[in-house]
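A short write-up of the structure that comes next.
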Amino acid sequence: MIDFRCDYKKLISADEFEVRVDEARNNILRIQQDDFGGWADLPINYDKDEFARIKKAAKRINSDSKYLVCIGIGGSYLGHRAVIEALGGERNGVKVLYAGNSLSARGLRTVIDEIGDADFSVNVISKSGTTTEPAVAFRVFKKMLIDKYGEELAAKRIYATTDANKGALHDEAIARGYETFVVPDNIGGRYSVLTAVGLLAIAVAGIDIDKLMDGAEEERAALISDGGEAANYAVLRNVMLEKGYDIEVLANFEPSFMYFNEWWKQLFGESEGKDNKGIFPASVVYSTDLHSMGQYMQEGRRALFETFVEVKADDNSVLVPAEDGDLDGLGYLEGRSLDNICKVANQATRDAHVAGGVPVMRILIPAVDERSIGALIYFFEMACALSAFTLGVNPFNQPGVEAYKTRMFELLEKPGYKK
């Protein structure tokens, strides 16, 4: 389903490329057998009973709430927001709001003010229940629910996605009767969007999660035996790094993909950025960013390469209308679809950047729909794991994330931490 394209012959010989792809393929079984490789077979091994409960809970939320507040950070937040926004936002009338992804009082106040007196529910997503940002936000919104509905009814509006057997949030959910969904032990946060971590919010937004999983399953079938296009992409990323290109810019022409870009940055940054290694992941949304970052992309330091995510399907819903006088000089575009003009701008951007010395890779998806997005998620997850193993780092841990937390706890004088 995912089509990967790159003129790699200027970077590496065909024979060496094939050897390196074969080496990358050897890591597929390693991924499947890893303690945190559960996502690799998830599209065919997911919990069907829990999947049905997710859809049932989504219907309940759609019937009794105007807002769903999703409380989580990192992998417990970016994935479902990426999918919802990429697919055009909420479709069922319930607006998904996000909290617990920062420590900004202003940000939290904005969510509180938007809810006002309206009915709302909460999906708190945390494996431990003690991560500072979501834990603080959960306290705030839990109090709001209790003040509005009373403790018994408030508990029916809280959905906890957490560890199956242990942890502060798990224990609270059992004690107070929240409906629970599972953060799998064998799938890390940044790989978890197709689990209950992401699926409840996505389902509440009116997105067909069956089709989302179907797309991931189709892409898995294409990649699981030999890595396919994901292995090619993973190898070429590492070739770029060896050639001195240590910044990858994910580029697309769809503003709705902004949070998909953010999810991608966490996926690759947290998986590869360790042991003083890794490609720095950045992103742009064109054509908007051509008017801010275009100059640097064209003539700045030649330490970056671009990976374009492009949509094959045509969208002829908006045409440039005719206008007497042609004062704006757009007569030559009259009758053309905006999507066609955008695709031409995409090609022109690639051509110009290649001429300016920026290596370019392309990832083409069939359409902007559930199946394509499910496939793209799986493609990037597989490519990321293969790329990290090729680089020589563990794609499933993130030891550096704890450094700021330790210092913050020291400064806040949390028990057990000394300045």
Side-chain angles (χ1 to χ4, degrees), residues 1-12 14 17-18 20-21 24 82 86 215 218-219 222-223 227-241 243 245-258 260-261 263-265 267-268 279-290 293-294 297-298 302-315 339-369 371-384 386-387 390:
M1 180 180 285
I2 303 301
D3 184 2
F4 172 72
R5 301 179 188 179
C6 179
D7 183 10
Y8 66 86
K9 294 179 182 178
K10 295 178 181 178
L11 299 165
I12 186 174
F17 176 65
E18 286 303 319
R20 296 186 63 165
V21 169
E218 184 175 341
E219 192 63 19
L223 302 181
E229 303 283 35
N232 295 343
Y233 172 52
V235 167
L236 287 173
R237 294 182 78 253
N238 281 273
V239 171
M240 297 286 188
L241 181 59
K243 300 290 184 181
Y245 302 102
D246 59 2
I247 301 168
E248 179 176 15
V249 180
L250 190 72
N252 58 67
F253 276 73
E254 293 293 338
S256 67
F257 273 52
M258 183 180 73
F260 197 95
N261 290 355
W263 171 81
W264 174 88
K265 285 193 285 189
L267 178 67
F268 279 87
I279 297 166
F280 184 84
S283 66
V284 290
V285 177
Y286 294 146
S287 63
T288 304
D289 287 341
L290 287 174
M293 293 299 294
M297 299 301 297
Q298 191 68 42
R302 301 296 76 175
L304 56 85
F305 63 96
E306 281 183 290
T307 299
F308 282 75
V309 175
E310 304 175 11
V311 182
K312 290 182 179 180
D314 295 325
D315 179 352
D339 183 67
N340 172 258
I341 297 168
C342 186
K343 284 182 166 63
V344 172
N346 188 324
Q347 179 181 340
T349 302
R350 285 190 278 104
D351 291 349
H353 290 179
V354 168
V358 178
V360 165
M361 298 191 286
R362 302 170 66 196
I363 295 171
L364 285 75
I365 62 174
V368 181
D369 58 20
R371 293 178 68 91
S372 297
I373 295 299
L376 188 60
I377 288 168
Y378 191 89
F379 173 89
F380 275 133
E381 289 176 343
M382 178 60 75
C384 180
L386 291 175
S387 181
T390 299

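Computed from a predicted structure; not experimentally measured.
Between atom CE of residue M382 and atom CD of residue E219 there is a gap of 9.5 Å, rounded to the nearest 0.5 Å. Distance CZ/F253 to CD1/I341: 12.5 Å, rounded to 0.5 Å. Of the inter-residue distances, the one linking M361 atom CE with F308 atom CZ reads 11.5 Å to the nearest 0.5 angstrom. Here NZ of K312 is found 9.5 Å from OG of S372. Values are rounded to the nearest 0.5 Å. The CG atom of L241 lies 11.0 Å from the CD1 atom of I247; values are rounded to the nearest 0.5 Å. Taking OG1 from T307 and CZ from F380, the interatomic distance works out to 7.0 Å, rounded to the nearest 0.5 Å.
Of the charged side-chain nitrogens involved, none lies within less than 4.0 Å of a carboxylate oxygen, so that R5 and E310 do not count as a salt-bridged pair.
Nearest heavy atoms, V311 versus A367: CG1-CA, 3.7 Å. Here the shortest heavy-atom pairing between P359 and G357 reads CD-O, 3.5 Å. Scanning both residues, Y233 and E248, for their nearest heavy atoms gives OH-OE2, 2.6 Å. Looking at every heavy atom in both residues, A313 comes nearest to D339 through O-OD2, 3.9 Å. Of all the heavy atoms in A24 and V235, the pair that sits closest is CB-CG2, 3.8 Å. Minimum heavy-atom separation, A375 to M1: CB-SD, 3.2 Å.
Using cut-offs of 30° and 60° on the angle between ring planes, the pair Y286 and H353 is perpendicular.
The environment of NZ in K243 is sparse: at most 12 heavy-atom neighbours from other residues, nucleotides or ligands sit within 6.0 Å.
Residues D314 and K343 are in side-chain contact: their nearest non-hydrogen atoms beyond the backbone lie under 4.5 Å apart. A heavy-atom distance below 4.5 Å is not found between the side chains of V239 and F17. At least one side-chain heavy atom of E218 sits under 4.5 Å from a side-chain heavy atom of R371. Residues S387 and N238 form a side-chain contact, since some pair of their non-hydrogen atoms from C-beta on lies under 4.5 Å apart. In this structure, the side chains of F257 and V368 come closer than 4.5 Å at one or more pairs of heavy atoms. Looking at heavy atoms from C-beta onward, M297 lies in side-chain contact with L304 at the 4.5 angstrom threshold. Counting only heavy atoms from C-beta outward, the side chains of W264 and V309 never approach each other to under 4.5 Å. Put simply, the side chain of N232 does not reach to within 4.5 Å of the side chain of Y8, judged on heavy atoms.
E306 contributes no side-chain N or O that, together with a main-chain N or O of V358, makes up a donor-acceptor pair within less than 3.5 Å. For R302 (side chain) and G356 (main-chain N/O), a donor-acceptor pair under 3.5 Å exists by modelled atom type. Between the side chain of N346 and the backbone N or O of C342, no donor-acceptor pair lies under 3.5 Å.
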(request) Quick one: do V249 and M293 satisfy side-chain contact (heavy atoms from CB on, under 4.5 Å)? Show the steps, please. (result) CA-CA 11 Å; V249 180; M293 293 299 294; over 6 Å; no
(message) Working note: I363 + I2, criterion side-chain contact (heavy atoms from CB on, under 4.5 Å); need CA distance, chi angles, decisive distance, verdict.
(response) CA-CA 7 Å; I363 295 171; I2 303 301; 3.5 Å; yes
(request) Apply side-chain contact (heavy atoms from CB on, under 4.5 Å) to I279 and F305, showing your working. (result) CA-CA 10 Å; I279 297 166; F305 63 96; 4.1 Å; yes
(message) The test is side-chain contact (heavy atoms from CB on, under 4.5 Å); show your working for F268 and R237 and say whether it passes.
(response) CA-CA 11 Å; F268 279 87; R237 294 182 78 253; 3.5 Å; yes
